[in-house]
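Below: one structure, written as structure tokens.
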Amino acid sequence: MTTATRMKVIGAPVDRIDGPLKVTGTAPYPADFTFPGLTHAVLVQSTIAAGRISGIDAAAAEGAPGVLAVITHENAPALAEAPVGPLGPPPPFPLRDNVIRHHGQHVAVVVARTREQALEAARLVRIGYEVTTPVLGIDDRRAPVLRNRWGLDVDRGEVTAALASAEVVYDQIFTTAAVTPSPMGLFATVARWEGNRLTAHDASQDPMLARKTLAAVFSLPETDVRVLVPYLGGGFGAGLRVWPHVILTALAARVVGRPVKLVLTRPQMFTSVGHRPETLQRVRLGAARDGRLVAVDHESTATIGALDDGGVEPVPQTSGNAYSCPNVATRDRRARLHIPSPHWMRAPGAAQGNFAMESALDELSYTLGIDPIELRLRNYTEVHPGSGLPWSSKALRECYQAGAERFGWGRRTPEIGSMRDGNWLVGYGMAGVTFTSGQAPCQAAVSVRRDGTAHVRSAATDLGTGTYTIATQVTAELLGLDIGQVRVEIGDSDLPFAPYSGGSGMATSLSGAIQDAVGKLVRAFLDVVADDESSPLRGRSPDDVTSTNGGIHVIDDSSIGETYADILTRHGLPEITAHGERDPGGNARMPTANGSFAARFAEVLVDRELGLLRVARLVSAVDAGRILNEKLARSQMIGGAVMGIGMTMLEETVFDHESGRIANATFGDYLIPANADVPDLDVVFVGTPDTVRPIGIKGIGEIAIVGVSAAIANAVYHATGRRIRSLPITIEQLL
């Protein structure tokens, strides 16, 4: 099939399809679902970080008004093992024994007729503990260190020898704090059983994994489990695992024989659905006097929870792929602590690793007296350094050029502290970004009905990224329909298989599946009219036609053709459906490497006397291939930049050094960017459609945050001469 060369819908700044439902409050989020006889569950959490439960007194809670059950490790029915998901093993299930592995671990679940009754009864549960000393510091010598268990380390060339002979050697330590994803929507699960069939409404970014996990732990066939996520109030990676509270909700519903709803509190969101791990990184660079890199050595230790091998964030992942360098070593380690399980968060690992690497390059540029952009251009690579394959598309040079022009980089004077605005020191900083997004198998069913409308079905989710909208646009474009003629149904595990919504891969994977389905659909229509003497399309092949104006028409003569509705009506068919699939791993190895690229530019103001830091401007120049919706893509970049500001200047999940309790697990204490913290955010898209990926997409969700921290920190150095290697940047560091 050949599609029209003039893109009428793809790329257009179409308003969000789900926007009216969201702004009117009628979009059904997981916590909104209710059923007759609905009961409510509340979690009881541990108040120690390490040790054992010595005893549980639940008598008062069990006798409280409205209480239907108090479930603990002492009376919980046995469950089977949860399966390993696409992102690794599941988190440990908490009610299997009396061992405490972190502060805030779920130790009981109380079910009552109302949430208020469940909350009151939960306060009556008494837990006795045998306390042991927790391991809480990333640099604690008692912490077991997991080394290279995931095959992510790089060892290319002779790094040790290259560093020893390099004309210039750089060697510094960087740290980043733990950061908690803070979606507006509190995670919730509503579970109900009908015989042995389980239905769960859940805040999941992967309903297929949730179905698989629930089926496994309750020893059910997957066809007897349905997971529904039509809308999700944000995720940022928190919904990529099936967390213990999801299983506990389904377990509680089975125990009491009634539907159960469990909604996490805001403090529980800090202990129950993962966080970006803390990191300790060492970066060593070897360079020639002209700025060419001869060695890169990047070692990182990040935190991981006790007995949890999932949620791996490969921190140095981009250091070996971003620049031309013959000798590269990266080592990714995990320190096992008594903390809630860290997990993948937007741009996992890349956000922290880029901060260290791009800050190090900035330092090197000052040491050598080379402009930061020029230093990166001298180490530019047209091929993927690890594989040697050419990039399927790469416009990073254009990112540097376009970003510098929009930002006004030419106005920068290179001397430290040379730019001022009254009492404010002014600094300019930049960072380069190379990010490899994911692809996964995906399926979609596309139907065209007799009224001329199309219906798209897939188990994909929309966690706020715009999946409903871009799926509508892609389908409308490929079928030659108007936006209003396409309906998208997603977020249901009973629909055709879709991967998790993460890794900047959903748009690519789903669009590829839709593209395949539409191609098959057009062929099916042509098959219907193959022997139809009344059809102007009789005997035509897919290569002869294009989809425009609500139907199929001959490429060279748009007057020859007919609408889908005419074909279906004449042949007495209510609809035709085709199933499409995108399987990037099903083909031979691609002859190219893929990546998204960007350049970040930041202007900061620092008060000379008070140490106050303000970000005045951020400019992002981005190569993400074909942009499916300019408005949504720009919104993604703006949202990621705001998250980057938070990570750089405000956010830190603080663990009490003695108890392991998260000391700031509320929005009153955990600082996130407010309106006054967000400056003018400018975005420009460059580059061309990708040559390999479906529709020319490369992914944009995560590159939106990468590079923000380094650009800001580099601007702070330019303004003040203070090199910040620890996030978040605080007033104390600038005084």
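Hydrogens, waters and symmetry mates are skipped; everything else that's a heavy atom, side chains included, is used. Just so it is clear, the model here is predicted, and its values are computed rather than measured.
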- Decide side-chain contact (heavy atoms from CB on, under 4.5 Å) for I560 and H553; before the verdict, give the C-alpha distance in whole Å, the side-chain angles of both, and the deciding distance to 0.1 Å. CA-CA 6 Å; I560 302 176; H553 296 79; over 6 Å; no
- Taking T469 for its side chain and I17 for its backbone only, find out whether a donor-acceptor pair lies under 3.5 Å. yes
- Indicate the atoms forming the closest heavy-atom contact of S541 with L526, along with that distance. C-CD1, 3.7 Å
- For P574 and L568, which heavy atoms make the closest approach, and how far apart are they? O-CD1, 4.3 Å
- Message: Donor-acceptor pair, distance only, cut-off 3.5 Å: does the side chain of D492 make one with the backbone of L228?
- Response: no
- Polar side-chain atom of K698 near backbone of S393 as donor-acceptor pair, under 3.5 Å: yes
- Side chains of S511 and I695 in contact at under 4.5 Å (non-hydrogen atoms): yes
- Task: Indicate yes or no: at least one non-hydrogen side-chain atom of R449 is less than 4.5 angstrom from one of R487.
- Result: yes
- Message: Can you tell me if D527 has over 12 outside heavy atoms packed within less than 6.0 Å of its CG?
- Response: yes
- Query: What's the verdict on side-chain contact (heavy atoms from CB on, under 4.5 Å) for F435 and S504, showing C-alpha distance, side-chain angles and the deciding distance?
  - Reply: CA-CA 10 Å; F435 184 82; S504 299; 3.9 Å; yes
- Message: Looking at N354 and A351, would you say the former's side chain and the latter's main chain have a donor-acceptor pair under 3.5 Å?
- Response: no
- Task: In plain terms, say whether R16 and D18 are close enough for a salt bridge, that is, a side-chain N and a carboxylate O under 4.0 Å apart.
- Result: yes
- Are the side chains of K631 and V14 in touch, meaning some heavy atoms are under 4.5 Å apart? no
- Stepwise ring-ring contact (aromatic ring centres under 6.0 Å, His included) test for Y564 and F525: CA-CA 8 Å; Y564 305 114; F525 270 93; 5.1 Å; yes
- Task: Find the distance between OG1 (T465) and CG (L632) and round it off to the nearest 0.5 Å.
- Result: 8.5 Å
- Start with the C-alpha gap between N321 and H384, add the side-chain angles, then the distance that decides, and say whether side-chain contact (heavy atoms from CB on, under 4.5 Å) holds. CA-CA 6 Å; N321 299 330; H384 183 278; 3.3 Å; yes
- Item | Matching residue for S392 among T691, T592, N594, D690 - test: side chain to side chain donor-acceptor pair (under 3.5 Å) | D690
- Using a 4.5 Å cut-off on heavy atoms from C-beta on, say whether the side chain of D544 contacts that of I555. no
- Message: Please evaluate residues D532 and S534 with respect to the criterion side chain to side chain donor-acceptor pair (under 3.5 Å), reporting the C-alpha separation (whole Å), side-chain torsions for both, the decisive distance (0.1 Å), and the verdict.
- Response: CA-CA 5 Å; D532 184 351; S534 63; 2.6 Å; yes
- Item | Q473 side chain to L628 backbone, donor-acceptor under 3.5 Å | yes
- Task: Apply the test side chain to side chain donor-acceptor pair (under 3.5 Å) to residues H455 and E489: give CA-CA distance (whole Å), side-chain angles for both, the deciding distance (0.1 Å), then the verdict.
- Result: CA-CA 7 Å; H455 183 199; E489 183 182 0; 3.0 Å; yes
- Please answer whether the main-chain N or O of L573 pairs with a side-chain N or O of H571 as donor and acceptor at a distance below 3.5 Å. no
- Query: Hey, what do you get for CH2 (W243) to OG (S204), rounding to the nearest 0.5 Å?
  - Reply: 11.5 Å
- Any side-chain heavy atom of V522 sitting closer than 4.5 Å to one from I552? yes
- Item | Expected output: side-chain D153 to main-chain D332 donor-acceptor under 3.5 Å | yes
- Message: Assess whether a salt bridge exists between D516 and K520, defined as any Lys/Arg side-chain N lying under 4.0 Å from an Asp/Glu carboxylate O.
- Response: yes
- Message: For the CD1 atom of I514 and the CZ atom of R457, what is their distance to the nearest 0.5 Å?
- Response: 11.5 Å
- Does a sphere of radius 6.0 Å around CG in D557 hold more than 12 heavy atoms from other residues, nucleotides or ligands, not counting ones at 6.0 Å or beyond? yes
- Message: Walk me through whether T563 and D566 qualify under side chain to side chain donor-acceptor pair (under 3.5 Å).
- Response: CA-CA 5 Å; T563 67; D566 287 343; 3.2 Å; yes
- Output yes when R241 and D206 qualify as a salt bridge under the 4.0 Å nitrogen-oxygen rule, no when they do not. no
- Report yes or no: does R211 contribute a side-chain atom to a donor-acceptor pair with the main-chain N or O of S493 at less than 3.5 Å? yes
- Query: Where is the tightest heavy-atom contact between P207 and V227, given as atom of each residue plus distance?
  - Reply: O-CB, 3.8 Å
- E382 and R397 ion-paired at < 4.0 Å: yes
- In Å, rounded to the nearest 0.5 Å, how long is the span from OH of Y231 to NE2 of H201? 14.0 Å
- Using a strict 4.0 Å threshold on nitrogen-to-oxygen distance, state whether D494 and R197 make a salt bridge. yes
- Message: Taking the ring of F597 and the ring of W391, is the distance between their centroids below 6.0 Å?
- Response: yes
- Message: I'd like to check R626 versus R693 (side-chain heavy atoms, cut-off strictly below 4.5 Å). Are they in contact?
- Response: no
- Measure from NZ or CZ of R406 to the centre of the six-membered ring of F601 and say whether it is under 6.0 Å with the direction within 45° of the ring axis. no
- Task: Scan V488, V229, T467 and name whichever one has a side-chain contact (heavy atoms from CB on, under 4.5 Å) with D462.
- Result: T467
- Task: Mind checking the CG-OH spacing from L232 to Y29? Nearest 0.5 Å is all I need.
- Result: 8.5 Å
- Query: Got a donor-acceptor contact below 3.5 angstrom from the T24 side chain to the P20 backbone?
  - Reply: yes
- Message: To check you understand the geometry: which heavy-atom pair defines the closest contact between L214 and A200, and what is its length?
- Response: CD1-CB, 4.1 Å
- Looking only at heavy atoms, the pair that brings P28 and F33 closest together is CB-CZ, 3.7 Å
- Distance (rounded to the nearest 0.5 Å) between Q317 CD and T434 OG1: 11.0 Å
- Verdict with reasoning, R582 to Q439, per side chain to side chain donor-acceptor pair (under 3.5 Å): CA-CA 9 Å; R582 167 69 178 172; Q439 289 188 82; 2.7 Å; yes
- Message: Please check: side-chain N/O of S535 versus main-chain N/O of L537, any donor-acceptor pairing under 3.5 Å?
- Response: yes
- Does any non-hydrogen side-chain atom of P385 lie less than 4.5 Å from one of Y323? no
- Please assess K212 against V242 for the test side-chain contact (heavy atoms from CB on, under 4.5 Å), listing each intermediate value before the final yes or no. CA-CA 10 Å; K212 181 179 180 181; V242 183; over 6 Å; no
- Query: So which heavy atom on P348 is nearest to which on E702, and how close?
  - Reply: CD-OE2, 3.1 Å
- Message: Contact between R600 and V433 at the side-chain level, heavy atoms closer than 4.5 Å - yes or no?
- Response: yes
